[in-house]
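Beneath this line is the structure, given in structure tokens, with notes to follow.
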Amino acid sequence: MFQNDKGGNVYIPLRPAVVLEAGEYQGIVRKVAEQNGKFGPQLVWQIEIVSQTGEITGLTVQSWTGTDLTPKSRLHRWAVALLGPGWDDAAGLDTSWLLNRSCRALLTVALGNDGTERNKVTDLLPTRAQAAPRPAAPAAMVAPRPVAPLAPAQAVEDAVPW
């Protein structure tokens, strides 16, 4: 990716920004880390987008939450989406529990301060449960083909002797 020349300089290629259409996307949480924000400590989340066929796309979106774990906080809502309703929130939250968990990311397109469009994660939802396979429908009943009746003379000659 990066190339060093003999003088120690590094060449970094331009990576174009990709803005996904607003909607619901499958994702995997790759990073949840604390960082100092404008209003104090916060968590930065990095979610990698997965294609509908389950392949890693290489596209990521970022979002932020507060660090307060309260029943009404965004952090709590997202943790429940990732860990399930059986998660014991009274025991607290270790952010490493959230890593590599699948989710559904709801994205919108927002205008940044610099006037460019970017994706905004509005919510994380649990992945949908896989539907149980439906039993195959019974084969359609096909009516037997009608057999043409034998002519009376033929019936006597071809009749079975018993």
Flag the pair L106 / V121 as yes when at least one side-chain heavy-atom distance between them is below 4.5 Å, and no otherwise.
no

Salt bridge flag under 4.0 Å for residues R77 and D123
yes

Report yes if some heavy atom in the side chain of V80 is under 4.5 Å from a heavy atom in the side chain of D89; otherwise report no.
no

When you check the gap from the basic side-chain N to the acidic O, do D114 and R118 get nearer than 4.0 Å?
yes

Does the side chain of T127 reach to within under 4.5 Å of the side chain of Q26, using non-hydrogen atoms?
yes

Quick one: does L99's side chain get under 4.5 Å of R30's, heavy atoms only?
no

Of all the heavy-atom pairs spanning P126 and R104, show the shortest one and how long it is.
O-NE, 2.6 Å

Rounded distance [0.5 Å steps], CG in L125 versus OG1 in T122:
8.0 Å

What I'd like to find out is whether the side chain of V50 reaches to under 4.5 Å of the side chain of E48, using heavy atoms alone.
no

Under the side chain to side chain donor-acceptor pair (under 3.5 Å) rule, what do S96 and D94 come out as? Steps first, then yes or no, please.
CA-CA 5 Å; S96 68; D94 182 334; 2.9 Å; yes

When hydrophobic residues are tied together by side-chain contacts of less than 4.5 Å, even through go-betweens, does I47 share a cluster with I28?
no

Cluster link L82 to W97, ILVMFWY, side chain under 4.5 Å:
yes

Let me confirm one number: the CG-OG distance from L124 to S102, rounded to the nearest 0.5 Å.
11.5 Å

How far apart are the C-alpha atoms of Q35 and Q42, what are their side-chain angles, what is the distance that settles it, and do they pass the side chain to side chain donor-acceptor pair (under 3.5 Å) test?
CA-CA 6 Å; Q35 80 176 184; Q42 59 187 4; 3.3 Å; yes

Mind listing the closest non-hydrogen atom pair of K31 and A33 along with its distance?
CE-CB, 3.8 Å

For a 4.5 angstrom cut-off between non-hydrogen side-chain atoms, does L93 reach L83?
yes

Worked check of side-chain contact (heavy atoms from CB on, under 4.5 Å) between T116 and L111:
CA-CA 6 Å; T116 60; L111 204 56; 6.0 Å; no

Check: W78 ring centre within less than 6.0 Å of W45 ring centre:
yes

Could you tell me whether R128 and E24 have a side-chain N and a carboxylate O separated by less than 4.0 Å?
yes

Taking the side chain as C-beta and beyond, is there a heavy-atom pair between L20 and I49 under 4.5 Å?
yes

Can you find a heavy atom in the side chain of L43 that is under 4.5 Å from one in the side chain of L75?
yes

Of all heavy-atom pairs between H76 and P71, which one has the smallest distance, and what is that distance?
ND1-O, 3.7 Å

Give a yes or no on whether W64 and V29 share a hydrophobic cluster (residues Ile, Leu, Val, Met, Phe, Trp, Tyr; joining criterion: side-chain heavy atoms under 4.5 Å apart).
no

What about Y25 and V18, same hydrophobic cluster or not, with Ile/Leu/Val/Met/Phe/Trp/Tyr joined at side-chain heavy-atom distances under 4.5 Å?
yes

